[in-house]
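Here the structure comes first, spelled out in structure tokens, and everything after it is commentary.
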Protein chains: 2
Amino acid sequence: MISLANMKNLKPGDFPPEIKGLRMTRQRREVLAVILRDRDHPTANDVFLRAQKRMPTISLATIYNCLEALVTHNIVRQVNLERESSRYCPNLSDHCHFQDEKSGKIHDVVFKKGVKLEDILELPKGTEVSHLEISLKGIFGK
Amino acid sequence: MISLANMKNLKPGDFPPEIKGLRMTRQRREVLAVILRDRDHPTANDVFLRAQKRMPTISLATIYNCLEALVTHNIVRQVNLERESSRYCPNLSDHCHFQDEKSGKIHDVVFKKGVKLEDILELPKGTEVSHLEISLKGIFGK
DNA sequence: ATTACGAATTAGAATAATTCCAAATTTCGG
DNA sequence: CCGAAATTTGGAATTATTCTAATTCGTAAT
Ligand SMILES: [Mn+2]
Ligand SMILES: [Mn+2]
Ligand SMILES: [Zn+2]
Ligand SMILES: [Zn+2]
């Protein structure tokens, strides 16, 4: 598992085995560092603005390229809420997203222990789920 | 409940009470008729193409306007899958959407009887859910 | 039926997120 | 270090959707 801690000294070639196949570049390292730093589900443009602080020459096209690479390699999760721009989440565990209508903040929500899809949905036999997305909006308690 | 049957003779002012407040126009009637005719979750552009057959002068802007009015008045449901264009669904009962990766077809999926959100998700006390969207992708059985 | 007024339609321009392009640069195995 | 292949980059292109402002329409009241 990648943590912010070991990101600091990450050099090309230092990536954990599950990232093999993804060539390491300064830009990808920076984009990943931004996403791990504040886990607030930033948009591509948010990431761009933050990455620019430490890497003033990075381009928005590169942000999109890096995000795509990280998502494809399952290092980062892409989150789509309604028609808004995509957001990016470093939490790889099973969870869904709740957007608080007051603050606009997006909260990770986990499933109760032992809940399985087939217990919830009326799916015909032989169905194979490759992708699931659950998103909520409303007032987030507490 | 609005059915295709009673759409045929629908005249301005004939709308059921729950649609009061929504002014009736030829265009809105046609857009609704299109969505009720084939329940295949068409995009705005699909609706445009179909509506044009019976109403050659209708504009795409009007399709968007009508869809927005119908969605706002809870006559039609807007469905967002990943980053694709919005689709529109006349099924107002509680359900979610499964996109078959082979055929591209979108299937309505219902929840098992008695399943409640709070049984599934770890939500903090006081949370109020105003909007929920569940979408799946994969191989749809049968 | 006629009128009056607010609402809806329309064509086209504008917007904005994302993707594409082709040239310059970088990575990394050998 | 070299070279092939991948990546970055700025800018243009794409595309779904929204906006604008002029025209037309629907409705409720006369
Ligand atoms: Mn996704
Ligand atoms: Mn929705
Ligand atoms: Zn998340
Ligand atoms: Zn549906």
Side-chain angles (χ1 to χ4, degrees), chain A residues 10-17 19-34 41-52 54-73 75-76 78-88, chain B residues 10-17 19-34 41-52 54-73 75-88 106:
Chain A
L10 216 51
K11 291 182 293 295
D14 284 356
F15 264 102
I19 308 186
K20 266 302 163 55
L22 180 63
R23 188 182 279 205
M24 193 34 45
T25 64
R26 285 188 313 127
Q27 290 85 347
R28 285 178 178 167
R29 209 177 307 122
E30 177 59 27
V31 166
L32 179 52
V34 164
H41 302 89
T43 63
N45 197 59
D46 294 335
V47 174
F48 179 46
L49 266 23
R50 295 176 197 176
Q52 270 188 322
R54 307 179 73 240
M55 196 179 278
T57 61
I58 197 169
S59 79
L60 182 54
T62 298
I63 302 291
Y64 275 103
N65 290 339
C66 292
L67 288 171
E68 184 186 17
L70 294 171
V71 168
T72 300
H73 287 76
I75 298 161
V76 162
Q78 183 171 10
V79 176
N80 300 305
L81 301 175
E82 310 254 298
R83 304 261 80 217
E84 298 179 10
S85 22
S86 284
R87 297 172 174 279
Y88 297 87
Chain B
L10 217 50
K11 291 181 295 294
D14 283 358
F15 263 102
I19 309 187
K20 267 301 165 55
L22 180 63
R23 187 182 281 206
M24 194 34 45
T25 63
R26 285 188 311 128
Q27 290 84 349
R28 285 178 178 169
R29 210 178 306 123
E30 178 58 28
V31 167
L32 180 51
V34 164
H41 303 88
T43 63
N45 198 59
D46 293 336
V47 173
F48 180 46
L49 265 22
R50 294 175 198 178
Q52 270 188 320
R54 307 178 74 242
M55 195 179 278
T57 62
I58 199 170
S59 79
L60 181 55
T62 299
I63 301 291
Y64 275 102
N65 290 339
C66 292
L67 288 171
E68 184 186 18
L70 294 171
V71 168
T72 300
H73 287 75
I75 298 160
V76 162
R77 200 173 132 182
Q78 184 172 6
V79 176
N80 300 306
L81 301 176
E82 310 254 296
R83 306 259 81 214
E84 298 179 9
S85 21
S86 283
R87 296 171 175 278
Y88 297 87
I106 290 157

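Letters go in sequence order (proteins before strands), and every chain restarts at 1.
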Side chains of A:R23 and A:R28, heavy atoms from C-beta outward: is any pair under 4.5 Å? yes
Any heavy-atom pair between the side chains of B:I106 and B:V79 that's under 4.5 Å? no
Please determine, by modelled atom types, if A:D46 and A:T43 share a side-chain donor-acceptor pair under 3.5 angstrom.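 Yes, A:T43 and A:D46 have a side-chain donor paired with an acceptor closer than 3.5 Å.
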Nucleotide [N], atom [atom2] - distance to [atom1] of [X] in whole Å:
{"X": "B:M24", "N": "C:dT9", "atom1": "CE", "atom2": "P", "result": "9 Å"}
{"X": "B:E82", "N": "D:dA16", "atom1": "CD", "atom2": "P", "result": "16 Å"}
{"X": "A:E84", "N": "D:dT17", "atom1": "CD", "atom2": "C1'", "result": "15 Å"}
{"X": "B:L67", "N": "D:dA16", "atom1": "CG", "atom2": "C1'", "result": "13 Å"}
{"X": "B:F48", "N": "D:dT17", "atom1": "CZ", "atom2": "C1'", "result": "14 Å"}
{"X": "A:D46", "N": "C:dA17", "atom1": "CG", "atom2": "C1'", "result": "13 Å"}
{"X": "A:Y64", "N": "C:dA17", "atom1": "OH", "atom2": "P", "result": "7 Å"}
{"X": "A:R87", "N": "C:dT18", "atom1": "CZ", "atom2": "P", "result": "10 Å"}

Pick out the pairs of N or O atoms, protein on one side and nucleotides 8-12 of chain D on the other, that lie under 3.5 Å.
unit_1 : atom_1 : unit_2 : atom_2 : d
D:dT8  : OP1    : A:T25  : OG1    : 2.7
D:dT8  : O3'    : A:Q27  : NE2    : 3.0
D:dT9  : OP1    : A:Q27  : NE2    : 3.3
D:dT9  : OP2    : A:S59  : N      : 3.4
D:dT9  : OP2    : A:T62  : OG1    : 2.5

Which nucleotide in D:dT27, D:dA16, C:dA17 has an atom nearest any side-chain atom of B:S85: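 From the listed options, D:dA16 comes nearest.
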Between B:R83 and C:dT18, does any side-chain N or O lie under 4.0 Å from OP1 or OP2?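 B:R83 to C:dT18 OP1/OP2: side-chain N or O found under 4.0 Å.
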Reckon A:T43 has a side-chain N or O less than 4.0 Å from the OP1 or OP2 of C:dA17? no
If I take atom CZ from residue A:R29 and atom CE from residue A:M55, how far apart are they, to the nearest 0.5 angstrom?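 With rounding to 0.5 Å, CZ (A:R29) is 7.5 Å from CE (A:M55).
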Candidate pair A:I63 and A:N45, rule side chain to side chain contact (heavy atoms under 4.5 Å, CB included), full reasoning: CA-CA 8 Å; A:I63 302 291; A:N45 197 59; over 6 Å; no
Closest approach of [X] and [Y], non-hydrogen atoms and distance?
{"X": "B:C66", "Y": "B:V31", "result": "CB-CG2, 3.8 Å"}
{"X": "A:N80", "Y": "A:S86", "result": "OD1-OG, 2.6 Å"}
{"X": "A:R87", "Y": "A:H41", "result": "NH1-O, 2.9 Å"}

Got more than 12 heavy atoms from elsewhere within 6.0 Å of CZ, B:R83? yes
Please write out the pairs of protein N or O atoms and N or O atoms of nucleotides 1-5 of chain C separated by less than 3.5 Å, giving the distance to one decimal.
none

